[in-house]
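Some notes on the structure that comes next.
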Amino acid sequence: MEIYLPNKFTKTSMYRFIDETIDADMNPRSNHIIFDFTTLKFILPVGITVLSNLIGRLRRNGTRVTFKYDFPDRSKKSCPMAFLDDSMFFHHYLHETLDPSSKLRPTTLPLANVAYSNSFQYLSNAMTWLSKKLFLTKKSLADIETALKEIFNNIQDHSSEHEGSVFIQHYPNENKVTLSISDFGVGIPFNIQKLHPFLSDGEAIKMAIREGFTTKTTPRNRGAGLDLLLHNVVKNNCGEVYIHSNHGILCCKNDGFGNMDISYENVEGFYPGTLLDIQFRTDTIENVEEEFIWE
Amino acid sequence: MGVIVVLDHIDRCYSNSDGDVIRKLINDNLTAGNSTEVSFKGVDSVSSSFINSALIDLLETYSFDVIKKHITFVDSSRSINDLIKKRFSFEVNERKKLISV
């Protein structure tokens with residue numbers, strides 16, 4: 001079965017692509033799937049993460065996965081195949097780049113499938129990489145590192161998969177870093193609707209981010225993780241967080257006055273797990289030494 | 001005053017079980033009647049799971065006033081300090097709501 005990648009692989013177009021690949025029970029629609037990259041014109045980090053999750057799911061189900069593609073055309077200013085090849089996407093799956101001249105761009109931290117047992121080291125390495133890009137100390141990135149630790153702890157505590165696909169892209173001209181991380185598990189709404197069955201998926205995600213709310217999937221949970229993620233990225237950093245899970249999407253942005261502006265919606269498309277698309281700003285990070293004082 | 005340098009006892013401040021190690025050390029100090037200085041020397045960041053298990057779980061045994069009086073933190077950062085205070089602020093307020101009801 002041949003499945004064409006979307007022209008523009010974004011958070012919006014991903015739903016149809018996922019639905020074409022796997023059914024509502026996350027079963028592959030064919031035992032041999034050919035992903036056709038020839039239709040791809042543009043891909044965001046989220047697209048790379050979603051594609052990685054899908055390929056992982058297909059392979060775990062015993063599906064044969066092959067790629068159909070055009071050779072990267074570096075004469076074009078923004079060739080998506082060159083971007084993917086330089087991001088080591090094809091090296092990740094084919095053990096070699098398509099173009100021998102492809103090399104990792106200084107603004108990209110390549111796709112990684114990170115199990116919880118490796119996540120601490122992965123995050124430490126990612127922050128080292130980022131600190132060098134931004135000429136900051138690792139300690140300055142503490143808010144960001146903590147936010148990412150919360151995500152991995154959440155995957156460990158709540159997801160059936162215990163592994164996330166991560167891709168990080170630095171946009172120096174825009175003073176931002178985009179991080180996309182996803183796991184294909186049951187999703188946030190699934191767990192919450194066990195306790196609150198009348199909530200929509202969007203409402204369920206909104207409940208999940210509330211400080212103190214927990215489904216106690218593991219007994220030690222105190223419901224602090226997602227709230228802290230948003231606090232650090234949106235309130236402190238003035239970044240943005242999108243959470244896609246099942247039919248729900250939650251968006252959290254800074255309103256410009258230091259407060260979080262949270263909105264959610266329910267969509268027809270289905271995300272089989274949880275995807276976090278995080279943009280944090282690099283021009284709002286400061287290294288603040290501080291003595292501890294109880295208030 | 002007992003000093004606990006966290007990285008002398010654990011490799012990272014990441015999981016609940018990391019926090020359990022530190023909480024037990026703090027508890028031993030408090031039980032012996034000693035105040036505790038917790039040093040985050042070498043620690044860039046912590047997680048809420050770690051703070052919950054290392055510190056918040058102490059509220060099961062000690063009042064917040066006792067914790068404030070006998071535990072302090074050094075070699076930390078704004079990020080770590082904010083997380084500690086945020087967690088305590090929330091959990092202590094939640095306990096007050098339960099008592100009020």
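Only heavy atoms go into these numbers, but all of them, side chains included; no hydrogens, no water, no symmetry mates. Protein chains get the first letters and strands the later ones, always in sequence-line order, with residue 1 at the start of each. The shown structure was predicted, so the numbers you read here are calculated from the model rather than taken from an experiment.
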K139(A) atom NZ, neighbour heavy-atom count above 12 within 6.0 Å
yes
Can you say whether L83(B) sits under 4.5 Å from chain A via the side chain, the backbone, both, or neither, judging by heavy atoms?
side chain
Would you confirm whether T146(A), through its side chain, and S45(B), through its main-chain N or O, come within 3.5 Å as a donor-acceptor pair?
no
Sub-4.5 Å side-chain heavy-atom contact between Y14(B) and L123(A)
yes
With chain A, the option among R87(B), K86(B), E91(B) that has the most non-hydrogen atom pairs under 4.5 Å is K86(B)
For the pair E150(A) (side chain) and S48(B) (backbone), establish whether a donor and an acceptor sit closer than 3.5 Å, ignoring hydrogens and angles.
yes
Heavy-atom distances under 4.5 Å only: say whether N93(B) touches chain A with side chain, backbone, both or neither.
neither
Heavy-atom pair count under 4.5 Å with chain A, highest-scoring of D82(B), I84(B), N52(B):
N52(B)
Select one option (side chain, backbone, both, neither) describing which atoms of F88(B) are under 4.5 Å from chain A's heavy atoms.
side chain
Winner by heavy-atom pair count (cut-off under 4.5 Å) against chain B, out of E295(A), Q156(A), E291(A)
E295(A)
Examine distances only and state if a side-chain atom of N81(B) and a backbone atom of I293(A) form a donor-acceptor pair shorter than 3.5 Å.
no
Interface moiety of I51(B) toward chain A, non-hydrogen atoms closer than 4.5 Å:
neither
Value rounded to 0.5 Å, distance of CE in M127(A) from CG in D44(B):
10.5 Å
Compute both the distance and the angle, then confirm whether K85(B) meets the cation-pi test with F292(A): under 6.0 Å from the six-membered ring centre, within 45 degrees of the axis.
yes
Between CD of E290(A) and CD1 of I80(B), what distance do you get to the nearest 0.5 Å?
10.5 Å
CG on N154(A) to OG on S49(B), rounded to 0.5 Å:
8.0 Å
Could you state the interatomic distance from CD (Q121(A)) to CZ (R12(B)), rounded to the nearest 0.5 Å?
7.0 Å
Can S15(B) and Y116(A) be counted as having a side-chain donor-acceptor contact under 3.5 angstrom?
no
Is any NZ, NE, NH1 or NH2 atom of the basic residue among R222(A) and E94(B) found under 4.0 Å from an Asp or Glu carboxylate oxygen of the other?
no
In residues 227-238 of chain A, which residues are in contact with chain B at a heavy-atom separation under 4.5 Å?
D227(A), L228(A), H231(A), N236(A)
Side chain from CB out, backbone as N, CA, C, O: work out which of these in S140(A) comes under 4.5 Å of a heavy atom of chain B, or both, or neither.
neither
Could you go step by step and tell me if E286(A) and R78(B) meet the salt bridge (charged side-chain N to carboxylate O under 4.0 Å, His left out) rule?
CA-CA 10 Å; E286(A) 51 179 358; R78(B) 180 196 56 77; 5.5 Å; no
Proximity of residues 70-77 of chain B to chain A, residues having a non-hydrogen atom under 4.5 angstrom:
I71(B), T72(B), F73(B), D75(B), S76(B), S77(B)
